[in-house]
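Comments concern the structure below.
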Amino acid sequence: MSTVALAVTEGMRQFELSVAYEVFGPPPSAVTGPWYDVSLCGPSTVRIGRFRLEPDGGFDRLARAGTVIVPALAETDEAPPAELVDAVRAAHEAGARVASLCTGAFVLAAAGLLDGRRATTHWAHTEELAARHPRVEVDPDVLYVDDGRVLTSAGKAAAMDLCLHLVRLDHGSAVANTVARSLVVPPHRAGGQAQFVTTPVPARDDHPLGDLLPWVMERLDQPLTVDDLARRARMSSRNLGRHFRSVTGTTPLQWLLTQRIRHAQELLESTDESVEGIAAATGMGTATTLRRHFNRTVGVPPDAYRRTFRARARTRIRPGEDDGGTSDGSNPAGNPAGTSAGTPDGGTAPKWSPMA
């Protein structure tokens, strides 16, 4: 069973730690098959916010884990504990996959794991991270960065996005979506989405896209066009585009294409349907069209994606092994969840986007 170690020490924030435990801890009842063996690793007793934790073991256990998660530090103006930094470095050298949540990136940077790599952290701390660690390529405008065995997330809710991304890498989109539904969060927000947007999140149930997006998701097998969506929303195509930009950060056509590709991923993972059949079920029309868009978005053809996912499911590759991910989220090795590069056209979207 895959092992996940959560590194805990005095002065960490409880939110990111609890997010990681919720995702990698006991799975929802609908998830069957192998799951993670999660443990807390740290000093004998630590205070996290208003809570006291009794870790399952010391920092030495990090080096025996397949995946190491470093939650957020409450204070970044002081150097992180040397014992934690050394343990994280040792775990990476032993082959573990290491991920930081929010300001946990300062620990990875202190360990030298981010040197020469693209990384992110909470937008309020990106300048500080870049100033203290000039060898790190800090990207302040993304939710998370997947650089193979080293991953970093932005703050707060982005920690959930990265954790679900890891589940998607290990178990596929269908399982990750099941976990997301149990946590009542969006099933997927790509890493390339922006951390912070000035456009307020629409909170009203009567927002013009409130009914449209679920309606579209139920009809992905149909050859919907932007004009179809505009008619359904009872507005002009131009007005529809403006609302889509304000809510999702992308165009109606690109959002629709993204949903079709994600549905195709699920079908490739969970069914034996032919590529032609999946093209029809996702509204792509022909296998040629599906292959072109799938390859451009995911980085591999549909058939290779299916073979890679099935192979990983059979062998259960240790999550700590380098799967060939790249700093921009592209997927030349055929990773079954090469979706961290943002929207299909390489654009970015806002911090929150319905159904994304």
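Side chains are part of it too, since the values below use all heavy atoms of this structure and drop only hydrogens, waters and symmetry mates.
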Quick check: does any side chain N or O of [X] sit under 3.5 Å from a backbone N or O of [Y], one acting as donor and the other as acceptor?
X	Y	answer
R260	H293	no
E269	S173	yes
T3	G66	yes
T297	F294	no
S153	C102	yes
R13	A74	yes
T120	P140	no
W215	G210	no

To check you understand the geometry: which heavy-atom pair defines the closest contact between [X] and [Y], and what is its length?
X	Y	result
H263	T282	CD2-CG2, 3.7 Å
F59	C41	CE2-O, 3.4 Å
S100	L162	O-CD2, 3.6 Å
L108	A99	CD2-C, 4.5 Å
L224	D228	CA-OD2, 3.5 Å
L229	L212	O-CD1, 3.8 Å

Over 12 non-hydrogen atoms of neighbours within 6.0 angstrom of [atom1] in [X]:
X	atom1	value
E22	CD	no
R135	CZ	no
E78	CD	no
E127	CD	no

Take T76 and E128, measure what side-chain contact (heavy atoms from CB on, under 4.5 Å) needs, and give me the verdict at the end. CA-CA 9 Å; T76 60; E128 180 186 0; 2.9 Å; yes
Is there a side-chain contact between [X] and [Y], using heavy atoms and a 4.5 Å cut-off?
X	Y	result
M12	T103	no
T225	L253	no
F24	I69	yes
H165	D146	yes
I48	S18	no
D227	S237	yes
M284	I261	yes
R61	R64	yes

V23 vs L166, test: side-chain contact (heavy atoms from CB on, under 4.5 Å). Steps then yes/no. CA-CA 10 Å; V23 173; L166 292 174; over 6 Å; no
Between R97 and D170 (salt bridge meaning N to carboxylate O under 4.0 Å), is one present in this structure?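 Yes, this pair counts.
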With a 4.0 Å cut-off, would you call D272 and R306 a salt bridge?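 No, this pair does not count.
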Quick check for you: to the nearest 0.5 Å, what is the distance between [X] atom [atom1] and [Y] atom [atom2]?
X	Y	atom1	atom2	answer
T251	R242	OG1	CZ	15.5 Å
Y21	C163	OH	SG	13.5 Å
F244	Q254	CZ	CD	11.5 Å
L183	R181	CG	CZ	11.5 Å
L169	L151	CG	CG	7.5 Å
T67	L62	OG1	CG	11.5 Å

Determine, step by step, whether R291 and D303 satisfy the salt bridge (Lys or Arg N to Asp or Glu O under 4.0 Å) criterion, reporting the C-alpha distance in whole Å, the side-chain angles of both residues, the deciding distance to 0.1 Å, and the verdict. CA-CA 9 Å; R291 286 191 175 97; D303 297 299; 3.6 Å; yes
Could you walk me through whether H92 and L113 pass side-chain contact (heavy atoms from CB on, under 4.5 Å), step by step? CA-CA 8 Å; H92 182 261; L113 303 190; 3.6 Å; yes
Exactly one of D141, D147, D139 should register a salt bridge (Lys or Arg N to Asp or Glu O under 4.0 Å) with R118. Which one does?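 It is D139; the other options fail the test.
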Kindly indicate, with the supporting measurements, whether the criterion side-chain contact (heavy atoms from CB on, under 4.5 Å) is fulfilled by E16 and K156. CA-CA 6 Å; E16 288 79 6; K156 302 305 177 183; 3.4 Å; yes
